[in-house]
Undergrad: 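One structure, as structure tokens, below. Some questions next.
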Amino acid sequence: MIPVGFINIIHGFTVKGRLFEPARIDEKRMVGYPFKEIETKWQTHWESHKTFSIGEDLDLSRPKYYVLDMFPYPSGDGLHVGHPEGYTASDIIARYKRMRGFNVLHPIGWDAFGLPAEQYALKTGTHPSITTEKNIQRFREQLKSLGFSYDWDREVNTTDPNYYRWTQWIFKQLFNRGLAYQQEKPVWWCEELGTTLANEEVIDGKSEVGGYPCIRRPLRQWVLKITEYADQLLDGLDELDWPTSTKEMQRNWIGRSEGAEIDFRVADSDADKIRVYTTRPDTLFGATYMVLAPEHELVDQISAAGARAAVDRYRDSAAKKSELERTELQKQKTGVFTGAHAINPANGKSIPIWIADYVLAGYGTGAIMAVPAQDQRDWEFAGTYDLPVIRTVEPPANFDGEAYTGDGKIINSDFLDGMTVEAAKAAMIEWLEANGHGERKVNYKLRDWLFSRQRYWGEPFPVVFTDAGATTVEDSELPVILPELEEFKPSGTPEGPLATAKDWLDITLQSGQVARRETNTMPQWAGSCWYYLRYIDPHNPDALVDPEKERYWMPVDLYIGGAEHAVLHLLYARFWHKVLYDAGIISSPEPFAKLVHQGMILGELEFTCYRNRQGEAVSAEHVRDGTDTRNGEELSPDRTADSEVVKLGDGFVLSEQQDIAVEARAHKMSKSRGNVVNPDEVVARYGADAFRLYEMFMGPLEQVKPWNTNGVDGTHRFLNRVWRLFVDNESGNRSSKIVDAVPSDSQRKTLHQTIAKVTEDIESMRFNTSIAALMEFTNTVNKWSSVPKEIAEQFLLLLAPLAPHLAEELWEKLGHNETLAYETWPETLAQYLKDDTLMIAVQVNGKLRAQIEIAADLSEEAVLSLARSDDNVARYLDGKTLRREIYVPGRIVNFVVAN
RNA sequence: GCCGGGGUGGCGGAAUUGGUAGACGCGCCGGAUUCAAAAUCCGGUUCUGGUAACAGAGUGCGAGUUCGAUUCUCGCUCCCGGCACCA
């Protein structure tokens, strides 16, 4: 699912003779508590005791919590520091919820079909299943080394026939419900990859993977009718606790719009009527011309003899343009007059019909009525070709724009005059329907989902072709197993590599009928569309999920994963889910109740100074995209050491040459930049607990933030201090500072304030501040001469979700034989939260002049009097007229004075 | 262009039913320990002035509301992410 690959080598590089080593971390030897030993010990313990396996016999009277990570695509490069960010967050929640008495489902698996393994097979002949298995091993080890509390008995793997059997079964449900159909569709074909690609896999006419050129060609494809669910997918968003940006992106992607379709008769012709789609039926009287997409089917029929040559020329050139060129040219709109005219049904006027590629064939009806007065695109086109403009909405008096798209009084529109836009739309639709000229219509940007790929490493379709067409195979025939192949080369034809599997391809059905299997495979999205359901009942041979278990566990309570999946994965999964819901197979209309995106982790902050060919430094304000904005000269970026720059004003400048501003920013981790950080090395040096803690301590989970290996020092030191607090350095036994004594009130206060803060922060996923609270706690406790065992234990329970290995070890040292994973989470006792005395601020005219200590229950009058008598406050009140006294209990006093 | 998010010390960040800006950590400076170093511990660290007490300025820029604004309102600006002729 996470397609980004990163290398796991950290290499220094030289720039102008200086060596930069962004993350050479084995150089310094870390001394401190024996994290390596402890972490291995507890990882082994959890595994052998199946601590986090929830098994089959659950106490269903307990509340459940399903916390899910987006499962990874096991790339050959292993984990990078971005993966464990979300995984750590979900692990903390999982561990916390267990301690809160929930049955917690916290699984992991592998999204293991996909192009990279197939391309590797092409190069090396290694079967993708071997590569995949090897990569999974590596990922599994890495995840285990970080101490995540997954239920490893529930691991799923999309390439396992026992898994994809049910992916195929779901496809059958789609097929049976008429939601899967075949169509000749112009699709992106990439010669180099020997496969078709989905729109989202082609960027600027090149393949997303490899950057190879792609062309459009028609192919028989499987398509899923996601558009049938457009309204449900849109409406379902309202009830979800998801980031607004993600919901908004899905809404835009679905792109629902309401309007009307209107029929225009072609003048002096018996050609078919031309139907247009518009969201502004109220502007019909302002339609001054009509535009058809170059691909529109009526173009041939209507073009006048004299215009035909020009029309054909324009159509040819439009067909050759890639999508990119079409959109790039949006500044200057082009088109050709067909020589034909259409009759405006509202007023009988004749308007010219043009073709232009700013009208898309695939949206609406592929034809529009152009209203330049109220549409900026039409305005531009009309300007270019000198077409008339009729305003039908009165713009505001001070309006100085071109097309006016706002609300206003309708003018020049016969029976609509004087209405608002909203009323006029309704009135016009009513008129159109009454007179047979058109009808109300809802449109979507969302297109049906191109669901087949001409690849090997994907799920085979459970489909065979006979003379009668496509049929699905019997359930008893599932899974349709991917055949072994000698060669993984694409056939070079639109048929995928499976076409070369002769023994597999042709079968005889039970009826005796001869049939041929579908040679397409499913796209990578298929397996990830429903994996969260399989985790609930991963080994069930009879159903994709047991209905009773499904009812208990669904929906997912918390789903954590990257924002790059905001639309596609999350929309496709919701679509399948709703289909399964409608089919009565599952009980919940939405799969993911709450969604959180972890922010990307960037490389370390870098300073870059740009230099021209003479080697002269160019100040950053003159640099844009690596060139000098003043003369267009190419500049070379020069990585500059921290010691050579100094902060000046808003930015950084060279310390030797302070008129030269340098660029200061953290970049996305990438091989080419050499700023990739490998978690294995961080774990080796600091330990998994310190690594987990740092990932959470960096800042808010959702935020993009730069990595800084030095920062791990901080969390490691913190864990060291905790260790020394509990363990005697000499003997390795429990420290004599931990005593069996009754805590003092003040000690209880420290503890319970920490419990309150950590609990609140974990509940709202503010892990950075919960860690800060634990640090403050240890800073305070370190000053105590002894620590009551009761306090020490409660603290360890608070630490446990965040740094589980160390917490377990110290818990054991305090004399416990069982894991603390299911201990009860500490309870905040309110009586220890309030202080007897508190410090409050005293301001005079809003400026802070003193801080005074008061008894918490002191009356307002007494507080004010105390504040007035403070020396420094008195200084500012002296000789002035006191106008107002403000006391916010427990917080602040403000005296307002005048001369 | 449109939609969404953001701008706070040298750095990551903390504080919003409006109430002591800079918690916690990194880095840096000073000290202790050490033959020395690492590690550890203690103190300092927004800027300016002052030995200090304290004073002035300060949360992207400019206005406004308020006794009081990082927080609310209006205008501007820069950065990040997404979409981009969807009629």
Side-chain angles (χ1 to χ4, degrees), chain A residues 28-32 243-249 251-253 255 257 259 276-280 283 291 326-327 329-331 333 356-360 362-365 367-371 374-378 380-381 443-447 563-564 566-567 599-600 604-605 642 645-647 650 652 664-666 693-694 697-700 702-715 717-718 720-721 724 766 768-769 771-776 779 782 839-851 871-872 875 883-888 890-897:
Chain A
K28 273 200 279 177
R29 199 170 55 88
M30 264 295 158
V31 297
T244 47
S245 59
T246 300
K247 289 209 251 186
E248 215 35 50
M249 278 163 75
R251 287 192 186 104
N252 292 340
W253 190 266
S257 70
V276 303
Y277 173 68
T278 179
T279 55
R280 292 296 301 275
T283 63
V291 186
R326 275 204 185 186
T327 52
L329 293 173
Q330 61 180 278
K331 278 253 152 62
K333 293 193 170 27
D357 64 5
Y358 83 91
V359 172
L360 307 175
Y363 183 77
T365 62
I368 62 156
M369 62 180 210
V371 187
Q374 274 89 224
D375 184 289
Q376 186 61 28
R377 296 156 299 184
D378 296 344
E380 286 162 16
F381 190 82
N443 253 324
Y444 303 90
K445 286 199 237 176
L446 183 70
R447 311 293 161 83
E564 66 271 25
V567 176
M600 202 192 329
E604 302 219 9
L605 182 69
D642 301 12
V645 300
V646 65
K647 177 103 178 187
D650 280 343
F652 288 87
R665 56 175 299 184
L693 234 40
Y694 176 65
F697 190 59
M698 289 168 80
E702 303 86 342
Q703 196 166 302
V704 177
K705 33 201 182 285
W707 178 265
N708 178 3
T709 297
N710 273 336
V712 194
D713 265 325
T715 53
R717 276 179 208 154
F718 162 63
N720 258 329
R721 277 198 290 276
R724 284 196 307 271
R766 292 188 302 250
N768 52 335
T769 49
I771 294 166
L774 292 172
M775 288 174 166
E776 284 183 86
N779 289 346
N782 256 324
M839 296 292 288
I840 64 163
V842 183
Q843 298 181 336
V844 179
N845 282 352
K847 282 192 190 292
L848 182 69
R849 294 304 176 191
Q851 295 175 49
D871 286 352
N872 202 45
R875 218 150 59 85
R883 299 263 154 140
R884 214 172 142 184
E885 299 175 312
I886 294 147
Y887 174 52
V888 182
R891 292 190 186 274
I892 204 166
V893 171
N894 192 10
F895 295 115
V896 184
V897 299

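Here is how names work: the chains are called A, B, and so on, in the same order as the sequence lines, proteins then strands, and each is numbered from 1. Since the structure is predicted, the reported quantities are computational estimates derived from the model, not experimental observations.
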Undergrad: For A/Arg849, report the nucleic acid contact type (base, sugar-phosphate, nothing); a contact means any heavy atom under 4.0 Å.
TA: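 Sugar-phosphate only.
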Undergrad: Reckon A/Asp378 touches a base, only the sugar-phosphate, or nothing at all at heavy-atom distances under 4.0 Å?
TA: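 Nothing, no heavy atom under 4.0 Å.
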Undergrad: Does A/Val897 offer a backbone N or O that forms a donor-acceptor pair with the side chain of A/Asn845 under 3.5 Å?
TA: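 Flag set: sc A/Asn845 to bb A/Val897 pair under 3.5 Å.
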Undergrad: Looking across every strand, which nucleic acid part, if any, lies under 4.0 Å from A/Gln376 by heavy atom: base, sugar-phosphate, or nothing?
TA: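 No contact.
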Undergrad: Using atom P in both nucleotides, what's the gap between B/G64 and B/A69 to the nearest angstrom?
TA: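 Here B/G64 and B/A69 have their P atoms 12 Å from each other.
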Undergrad: Answer with yes or no after comparing the ring centroid distance for A/Tyr444 and A/Trp253 against a 6.0 Å cut-off, counting only values under it.
TA: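 No, the ring centres sit 6.0 Å or more apart.
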Undergrad: Within the 4.5 Å heavy-atom criterion, are A/Ile892 and A/Gln843 side-chain neighbours or not?
TA: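 Yes, side chains in contact.
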Undergrad: For RNA chain B, which ranges pair as stems of 3 or more consecutive Watson-Crick or G-U pairs, with both donor-acceptor distances under 3.5 Å?
TA: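 Output for stems: B:1-7 with B:77-83, B:10-12 with B:24-26, B:27-32 with B:40-45, B:46-49 with B:54-57, B:60-64 with B:72-76.
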Undergrad: For B/A55 and A/Asn872 - does any side-chain N or O of the residue sit under 4.0 Å from the phosphate oxygens OP1/OP2?
TA: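 Checking B/A55 against A/Asn872, a side-chain N or O does come within under 4.0 Å of OP1 or OP2.
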Undergrad: Given B/A14, B/A87, B/C67, which nucleotide is nearest the side-chain atoms of A/Val896?
TA: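 So the nucleotide nearest the side chain must be B/C67.
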Undergrad: Does B/A57 have OP1 or OP2 sitting under 4.0 Å from an N or O in the side chain of A/Lys847?
TA: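 Answer yes for this pair, as a side-chain N or O of A/Lys847 is under 4.0 Å from OP1 or OP2.
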Undergrad: Taking the same atom, P, in B/U77 and in B/G27, what whole-Å distance lies between them?
TA: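 So the two P atoms sit 40 Å from each other.
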Undergrad: Quick check: does any side chain N or O of A/Asp378 sit under 3.5 Å from a backbone N or O of A/Val371, one acting as donor and the other as acceptor?
TA: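 Yes, the answer is positive, given that a donor and an acceptor are paired below the 3.5 Å cut-off.
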Undergrad: Between the base of B/C26 and the side chain of A/Asn710, is there a donor-acceptor distance below 3.5 Å?
TA: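 A donor-acceptor contact between them is absent.
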Undergrad: Can you tell me, in whole Å, how much space there is between the C1' of B/G13 and that of B/U17?
TA: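 B/G13 and B/U17 have their C1' atoms separated by 24 Å.
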Undergrad: Any side-chain N or O of A/Tyr358 below 4.0 angstrom from OP1/OP2 of B/A87?
TA: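 No, no such contact exists.
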Undergrad: If you assign A/Thr715 and A/Met249 each to the RNA chain B nucleotide with the nearest heavy atom, which residue ends up on the more 5' nucleotide?
TA: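 Upstream on the strand: A/Thr715.
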Undergrad: Kindly confirm or rule out a cation-pi arrangement of A/Lys333 over A/Phe381, judged by NZ or CZ under 6.0 Å from the six-membered ring centre and within 45° of its axis?
TA: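 Cation-pi check for A/Lys333 and A/Phe381: fails.
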Undergrad: For A/Met369, report the nucleic acid contact type (base, sugar-phosphate, nothing); a contact means any heavy atom under 4.0 Å.
TA: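 A/Met369: no heavy atom of the nucleic acid under 4.0 Å.
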Undergrad: Reckon A/Lys647 has a side-chain N or O less than 4.0 Å from the OP1 or OP2 of B/C11?
TA: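 Affirmative; the distance criterion is met.
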Undergrad: Decide yes or no for A/Val291 and A/Met369: does some side-chain heavy atom of the first lie under 4.5 Å from some side-chain heavy atom of the second?
TA: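 The answer is no; the side chains never approach within 4.5 Å.
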Undergrad: Atom CZ of A/Arg251 and atom C1' of B/C83: how far apart are they, to the nearest Å?
TA: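 It works out to 16 Å between those atoms.
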Undergrad: So A/Thr246, base contact, sugar-phosphate only, or nothing? Heavy-atom distance under 4.0 Å.
TA: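 Contact class for A/Thr246: none.
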Undergrad: Given B/A55, is OP1 or OP2 found less than 4.0 Å from the side-chain N or O atoms of A/Arg875?
TA: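 Yes.
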Undergrad: Hey, does the side chain of A/Gln703 come within less than 4.0 Å of B/G13's phosphate (OP1/OP2), counting only N and O?
TA: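 Yes, because at least one side-chain N or O of A/Gln703 sits under 4.0 Å from OP1 or OP2 of B/G13.
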Undergrad: What interatomic distance, in whole Å, is found between C1' of B/U70 and the corresponding atom of B/U59?
TA: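 Comparing C1' positions in B/U59 and B/U70 gives a spacing of 5 Å.
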Undergrad: Taking A/Lys705 for its side chain and A/Pro700 for its backbone only, find out whether a donor-acceptor pair lies under 3.5 Å.
TA: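 Indeed, once roles are kept as given, a pair shorter than 3.5 Å links the two residues.
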Undergrad: When you match A/Arg891 and A/Tyr444 each to their closest nucleotide on RNA chain B, which lands nearer the 5' end?
TA: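 Between the two, 5'-proximity favours A/Arg891.
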Undergrad: For atom C1', what is the distance between B/U73 and B/G25, given to the nearest Å?
TA: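 After rounding to an integer number of Å, I get 36 Å for this pair.
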Undergrad: Please tell me which of the listed nucleotides, B/A87, B/G25, B/C67, lies nearest to the side chain of A/Asn894?
TA: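 Closest nucleotide among those given: B/C67.
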Undergrad: Has A/Arg251 got more than 12 heavy atoms of other residues, nucleotides or ligands less than 6.0 Å from its CZ?
TA: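 Atom CZ in A/Arg251 is packed in, count exceeds 12.
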Undergrad: Please measure how far the P atom in B/A84 lies from the corresponding atom in B/C3, and state the result in whole Å.
TA: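 Taking atom P in both B/A84 and B/C3, they lie 16 Å apart.
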Undergrad: Taking CZ from A/Phe652 and C1' from B/G9, how many angstroms apart are they, rounded to a whole number?
TA: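 After rounding, the gap between these two atoms is 10 Å.
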Undergrad: Answer yes or no: is there a side-chain heavy-atom contact under 4.5 Å between A/Phe718 and A/Asp713?
TA: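 Contact flag for A/Phe718/A/Asp713 side chains = no.
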Undergrad: Compare the minimum distances between each of B/G13, B/U40, B/A21 and the side chain of A/Arg717, then state the nucleotide with the smallest one.
TA: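 Among B/G13, B/U40, B/A21, the one nearest the side chain of A/Arg717 is B/U40.
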Undergrad: Counting only side-chain nitrogens and oxygens, does A/Asn768 get under 4.0 Å of the OP1 or OP2 atom of B/A14?
TA: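 For B/A14, OP1 or OP2 has a side-chain N or O of A/Asn768 closer than 4.0 Å.
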Undergrad: Base, sugar-phosphate or nothing for A/Glu776? Non-hydrogen atoms, less than 4.0 Å.
TA: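 The residue A/Glu776 makes sugar-phosphate contact but no base contact.
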Undergrad: Looking at A/Ser257, is its backbone amide N or carbonyl O close enough to the side chain of A/Asn443 to form a donor-acceptor pair, meaning the two atoms are under 3.5 Å apart?
TA: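 Pair absent, no side-chain N/O of A/Asn443 close to backbone of A/Ser257.
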Undergrad: With a 4.0 Å cutoff (strictly under), does any side-chain N or O of A/Ser245 reach OP1 or OP2 of B/C3?
TA: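 So the side-chain polar atoms of A/Ser245 never come under 4.0 Å of the phosphate oxygens OP1 or OP2 of B/C3.
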Undergrad: Out of B/C41, B/G25, B/A55, which has the shortest distance to the side chain of A/Phe697?
TA: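 Nearest to the side-chain atoms of A/Phe697, counting from C-beta on, is B/G25.
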Undergrad: Base, sugar-phosphate or nothing for A/Glu248? Non-hydrogen atoms, less than 4.0 Å.
TA: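 Counting heavy atoms under 4.0 Å across all strands, the contact made by A/Glu248 is with sugar-phosphate only.
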Undergrad: Could you state the CZ-P distance from A/Arg884 to B/U66, rounded to the nearest angstrom?
TA: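 A/Arg884 atom CZ is separated from B/U66 atom P by 11 Å.
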